[in-house]
Amino acid sequence: MSWQWWLLVVALLLAVFVAIYLSSTAGRLDRLHHRVDVSRANLVAELRRRRDLTDHVAAIGVVDPASALLLADAVGSVAAAEPSGDSVGLYLAESDLSAVLAAVFSDPLEVDEIIAAPGGEAVERLADACRRVQIGRRFYNDAVNGTRAVRQGIVVRTFHLQGTAPMPETVEMIDTPPAGFAGR
């Protein structure tokens, strides 16, 4: 074989390698976007669960009336922000709900008394929901950061492997469970 044939074989092998690399990178990016979508759906579900349990705790009378009013007002703010489609407003309302929960359930001894009382299992489920929100936000932000890192690569940008998918954004909100829920 002459050197032209060898050059042609090398060029074809290089083209196949580049095509396989681009295809695998696009597939990886697609999986990362899917991971963002799934983790976002999980976060939204956990936020709704926390909101619903907070509303339930406020309604069943296991906390004092002033605390119940604060909780119900914070839940109302979240419910009002949800249909607007404004994610910043929603996460601000969720942060406010976290702050109200932290104020109402700040004392572990009071939380123990509330849980021991009839209907207290709702507060225990609320404590679990608060932890799940924190974990859900971490998973979502990790998925977003991983996706953003791949999308910022020169190969992805050069060959437009991201397609028309919007750049995912992290969720910044206060999600720390109340001090009274520690150890639950």
Side-chain angles (χ1 to χ4, degrees), residues 25-26 28-60 63 65-107 111 122-154 156-158 160-182 184:
T25 303
R28 178 175 179 226
L29 191 57
D30 184 53
R31 288 189 303 276
L32 286 170
H33 276 284
H34 180 70
R35 183 175 154 218
V36 167
D37 293 341
V38 168
S39 58
R40 181 171 183 78
N42 288 336
L43 175 61
V44 167
E46 293 303 332
L47 288 169
R48 281 194 184 124
R49 180 173 179 253
R50 181 181 75 163
R51 183 191 67 203
D52 293 343
L53 284 168
T54 302
D55 193 36
H56 180 67
V57 166
I60 63 173
V63 294
S67 297
L69 186 60
L70 285 172
L71 292 171
D73 187 44
V75 167
S77 296
V78 171
E82 192 172 34
S84 70
D86 175 25
S87 62
V88 174
L90 176 63
Y91 295 131
L92 284 173
E94 290 287 357
S95 292
D96 291 344
L97 177 58
S98 295
V100 169
L101 286 168
V104 171
F105 299 108
S106 61
D107 186 11
V111 172
V123 175
E124 202 154 15
R125 289 195 319 266
L126 178 59
D128 181 56
C130 288
R131 278 191 308 280
R132 287 174 176 261
V133 164
Q134 186 178 39
I135 292 167
R137 188 177 74 88
R138 285 182 185 167
F139 273 106
Y140 174 74
N141 284 346
D142 285 346
V144 167
N145 290 333
T147 303
R148 289 176 69 92
V150 170
R151 283 186 64 158
Q152 291 171 352
I154 193 161
V156 172
R157 289 182 312 186
T158 302
H160 303 286
L161 298 179
Q162 75 277 5
T164 59
M167 181 70 87
E169 297 292 328
T170 58
V171 170
E172 301 305 326
M173 60 177 263
I174 299 170
D175 63 357
T176 307
F181 291 165
R184 300 216 169 272

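Note: hydrogens, waters and symmetry copies are ignored here, and every other heavy atom, side chains too, is used. As the structure is a prediction and not an experimental result, all values here were calculated from the model. Numbers for residues simply follow the sequence, beginning at 1.
In plain terms, the two heavy atoms of Leu53 and Arg125 that are nearest each other are CD1-O, 3.5 Å. Minimum interatomic distance between Val63 and Ala68 (heavy atoms only, all atoms of both residues): CG2-N, 3.8 Å. Across all non-hydrogen atoms, the minimal contact from Pro178 to Cys130 is CD-SG, 4.2 Å. For the pair Pro166 and Arg151, the tightest heavy-atom approach, listed with the atom from each and the gap, is O-NH1, 3.0 Å. Nearest heavy-atom pair, Ala72 versus Ala58, reported as atom, atom and distance to 0.1 Å: N-CB, 4.1 Å. Of all non-hydrogen atoms in Ala81 and Leu90, the two that sit nearest each other are CB-CA, 3.9 Å.
By the 4.5 Å heavy-atom criterion applied to side chains, Val171 and Glu94 are not counted as neighbours. Residues Arg35 and Asp142 form a side-chain contact, since some pair of their non-hydrogen atoms from C-beta on lies under 4.5 Å apart. No side-chain heavy atom of Leu43 sits under 4.5 Å from any side-chain heavy atom of Arg40. Glu172 is not listed as a side-chain neighbour of Ser95, based on a closest heavy-atom distance of 4.5 Å or more. Looking at Asp55 and Leu71, their side chains never come closer than 4.5 Å, going by heavy atoms from C-beta outward.
From Asn141, atom CG reaches atom CZ of Arg148 across 10.5 Å, with rounding to the nearest 0.5 Å. Here the CG atom belonging to Leu97 is positioned 11.0 Å from the CD1 atom belonging to Ile174, to the nearest 0.5 angstrom. The distance from atom OG of Ser77 to atom CG of Leu92, rounded to the nearest 0.5 Å, is 11.0 Å. Here CG of Asn145 is found 10.0 Å from OH of Tyr140. Values are rounded to the nearest 0.5 Å. Here CZ of Arg51 is found 4.5 Å from CD of Glu82. Values are rounded to the nearest 0.5 Å. Here Asp96 contributes atom CG and Met173 contributes atom CE; the two are 10.0 Å apart, rounded to the nearest 0.5 Å.
Ion pairing of Arg49 with Asp128 is present here, as a side-chain N (NZ or NE/NH1/NH2) and a carboxylate O approach within less than 4.0 Å. With respect to Glu46 and Arg137, no salt bridge is recorded, no charged nitrogen being found less than 4.0 Å from a carboxylate O.
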inquiry  = Go through it in stages, so that I can follow the logic: the residues are Phe139 and Val38, the test is side-chain contact (heavy atoms from CB on, under 4.5 Å), and I'd like the CA-CA distance, side-chain angles, deciding distance and then a yes or no.
reply    = CA-CA 10 Å; Phe139 273 106; Val38 168; over 6 Å; no
ask   = Could you walk me through whether Leu126 and Leu101 pass the side-chain contact (heavy atoms from CB on, under 4.5 Å) check?
value = CA-CA 10 Å; Leu126 178 59; Leu101 286 168; 3.8 Å; yes
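A donor and an acceptor atom, one from each side chain of Ser98 and Arg50, are located under 3.5 Å apart.
Other residues, nucleotides and ligands contribute at most 12 non-hydrogen atoms within 6.0 Å of the CZ atom of Arg138. With a 6.0 Å radius and a threshold of 12 heavy atoms from other residues, nucleotides or ligands, Arg131 has its CZ atom above the threshold.
Asp30 contributes no side-chain N or O that, together with a main-chain N or O of Ala26, makes up a donor-acceptor pair within less than 3.5 Å.
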